[in-house]
Protein chains: 2
Amino acid sequence: MQKEHSLSKNQKIIFDLIDKSGGPMKAYSILFNVQKKGIKAPLQVYRALDKLVEIGKIHKIESRNAFIACQNSSCQVSKATAFSICESCENVSEISNSKLSKYLSSFSDNSGMKYSKYNLEFFGLCKKCKSK
Amino acid sequence: MQKEHSLSKNQKIIFDLIDKSGGPMKAYSILFNVQKKGIKAPLQVYRALDKLVEIGKIHKIESRNAFIACQNSSCQVSKATAFSICESCENVSEISNSKLSKYLSSFSDNSGMKYSKYNLEFFGLCKKCKSK
DNA sequence: TTATAAATGTTATATTATTACATAACGTTA
DNA sequence: TAACGTTATGTAATAATATAACATTTATAA
Ligand SMILES: [Zn+2]
Ligand SMILES: [Zn+2]
Ligand SMILES: [Zn+2]
Ligand SMILES: [Zn+2]
């Protein structure tokens, strides 16, 4: 069990929005959606996003510049993330596969690097898009 | 052996620059460096980068918005890439590990996704930075 | 309470990437 | 060669993503 982080006002507004959306959201789309709640500037959004990423409540999908709610239990605070991305419909989901995560978390090579974190993005076609 | 792509003028200028740099380069830094060669606009750079990525001569480091010359043999035309990134000095190198690439290329789960491509980024500290 | 850290508000600006449109070079085949 | 389609180039404008700098407020905790 990890520490509970109590979210601040802006963090909560933004996390709830992303979480309810069920998929990845882009920063300026988030901004647009929370303006009625008083969050008016990009920086307010980015600060909340930074914090939410830091504590593992959301992840950034790097190839899409988008943010998605963690679908596991905050992923060891975001040190090990894997996503599946449909290149047709842009559906994204978080992969939760213990074999994969064990394999990657224990990966090492002879480069002398000490790895502490990874992010993996798989691309392809989802079930729906395949059958079209 | 894969098809040889003969690079166009702009593509060659930009590939040579990235390749010689030995590390990741950002688009606008590339632009700055090739202005004396007549490449004046961002779009000229991005078009060349797009093509070079497509044919596997370079890869995009998504978490850094930067581009690096392929250190293998054009990585099955960029369908399977893995990088090691030092979070201290930002040194990046391409991981060439056949076990890892086999494992990931054959990865599948019960989601119904058909995976055709992946990108993996490991983060940590390189040898030098560790010992500081 | 008082000090410290964390979060917020606001303006301006930097960085990364694309749209739209016009032109030129290249490769193929009639 | 001529005509055609494809790829690459040039140029201007703009869109999309992200951060710097500074002032103020709120939460936490010694
Ligand atoms: Zn997660
Ligand atoms: Zn799909
Ligand atoms: Zn490569
Ligand atoms: Zn380093």
Side-chain angles (χ1 to χ4, degrees), chain A residues 3-18 21 23-68 77 85 87 90 92 119 121, chain B residues 3-18 21 23-68 77 85 87 90 92 119 121:
Chain A
K3 188 182 175 302
E4 263 306 303
H5 287 271
S6 57
L7 302 182
S8 74
K9 177 172 144 284
N10 288 2
Q11 289 159 17
K12 186 160 182 0
I13 290 169
I14 287 171
F15 175 72
D16 287 346
L17 176 68
I18 299 173
S21 85
M25 288 194 78
K26 313 202 99 191
Y28 278 73
S29 151
I30 292 168
L31 175 58
F32 178 81
N33 277 275
V34 297
Q35 278 180 329
K36 49 185 167 301
K37 303 227 174 187
I39 296 176
K40 290 174 190 156
L43 190 49
Q44 292 175 290
V45 172
Y46 280 104
R47 283 197 285 225
L49 291 173
D50 284 352
K51 187 68 187 187
L52 291 167
V53 165
E54 185 191 322
I55 65 182
K57 300 282 289 180
I58 65 172
H59 305 301
K60 183 171 187 182
I61 311 297
E62 294 287 358
S63 65
R64 297 300 186 260
N65 296 320
F67 301 84
I68 192 168
V77 188
I85 303 170
E87 291 188 292
E90 292 294 325
V92 173
N119 179 56
E121 298 181 3
Chain B
K3 188 182 176 303
E4 263 305 303
H5 287 272
S6 57
L7 302 182
S8 74
K9 175 171 145 282
N10 288 1
Q11 289 159 17
K12 185 157 182 6
I13 290 169
I14 288 172
F15 174 72
D16 287 346
L17 176 67
I18 299 173
S21 87
M25 289 194 77
K26 315 202 97 192
Y28 278 73
S29 151
I30 292 168
L31 175 58
F32 178 80
N33 276 276
V34 297
Q35 277 179 331
K36 48 186 167 300
K37 303 227 176 188
I39 296 175
K40 291 174 189 156
L43 189 49
Q44 294 176 289
V45 172
Y46 280 105
R47 282 198 285 224
L49 290 173
D50 284 351
K51 187 68 186 188
L52 291 168
V53 165
E54 186 192 321
I55 65 181
K57 298 283 287 182
I58 65 172
H59 305 301
K60 183 171 187 181
I61 310 299
E62 293 288 357
S63 66
R64 298 301 186 258
N65 296 320
F67 301 84
I68 192 169
V77 189
I85 303 171
E87 290 186 295
E90 293 294 325
V92 173
N119 179 56
E121 297 181 5

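As the structure is a prediction and not an experimental result, all values here were calculated from the model. For the numbers below, each heavy atom of this structure counts, side chains included, while hydrogens, waters and symmetry mates do not. Naming convention: chains lettered A, B, ... in sequence-line order (proteins, then strands); numbering from 1 in each chain.
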*Kindly determine whether A:Asn119 and B:Ser63 satisfy side chain to side chain contact (heavy atoms under 4.5 Å, CB included), including the steps that lead there.*
CA-CA 9 Å; A:Asn119 179 56; B:Ser63 66; over 6 Å; no
*If the sugar-phosphate is the primed atoms plus P, OP1 and OP2 and the base is the rest, what is the B/S/- string for nucleotides 23-29 of chain D, using protein heavy atoms under 4.0 Å?*
-------
_What is the separation between atom CD on B:Gln35 and atom C1' on D:dG10, rounded to the nearest whole Å?_
14 Å
_Among C:dT10, C:dT8, D:dA8, the one nearest B:Gln11 by side-chain distance_ = D:dA8
*Using atom NZ of A:Lys40 as one end and atom P of C:dA12 as the other, report the distance to the nearest whole Å.*
15 Å
*Quick one: B:Phe32 CZ to C:dT16 C1', roughly how many Å, whole number?*
18 Å
*asked:* If I take atom CG in residue B:Leu31 and atom C1' in nucleotide C:dT18, what distance separates them, rounded to the nearest angstrom?
replied: 15 Å
*Taking only side-chain nitrogens and oxygens of A:Lys9, does any of them come within less than 4.0 Å of OP1 or OP2 of C:dG9?*
yes
Short heteroatom pairs, N/O only, protein and nucleotides 14-18 of chain D, under 3.5 Å:
| from | atom 1 | to | atom 2 | distance (Å) |
| --- | --- | --- | --- | --- |
| D:dT17 | OP1 | A:Lys26 | NZ | 2.3 |
| D:dA18 | OP1 | A:Lys60 | NZ | 2.7 |
| D:dA18 | OP1 | A:Asn65 | OD1 | 3.4 |
| D:dA18 | OP2 | A:Tyr46 | OH | 3.0 |
| D:dA18 | N7 | A:Tyr28 | OH | 2.7 |
| D:dA18 | N6 | A:Tyr28 | OH | 3.2 |

*Any idea which of C:dT8, C:dT11, C:dT18 is nearest the B:Leu43 side chain?*
C:dT18
_B:Asp50 CG to C:dT16 P, straight-line distance once rounded to whole Å_ = 16 Å
_I need the minimum non-hydrogen distance between A:Gln11 and A:Lys51, along with the two atoms involved._
NE2-CG, 3.4 Å
*Please round to the nearest 0.5 Å and tell me the distance separating atom CZ of B:Phe15 and atom CZ of B:Phe67.*
14.0 Å
*asked:* Measuring from the side chain of B:Ser8 (C-beta onward, heavy atoms only), which nucleotide among C:dT19, D:dA8, C:dT8 has the closest atom?
replied: D:dA8
_If you compare every side-chain N and O of B:Gln44 against the phosphate oxygens of D:dT9 (OP1, OP2), does one of them come in below 4.0 Å?_
no
_Inter-residue atom distance A:Ile30.CD1 - A:Ile58.CD1, 0.5 Å rounding_ = 6.5 Å
*Please report, rounded to the nearest Å, how far the C1' atom of D:dT7 is from the NZ atom of B:Lys51.*
7 Å
*asked:* Rounded to whole Å, how long is the line connecting atom CD1 of A:Ile39 with atom P of C:dA7?
replied: 14 Å
*Interatomic distance, A:Asn10 CG vs C:dA7 P [rounded to whole Å]*: 10 Å
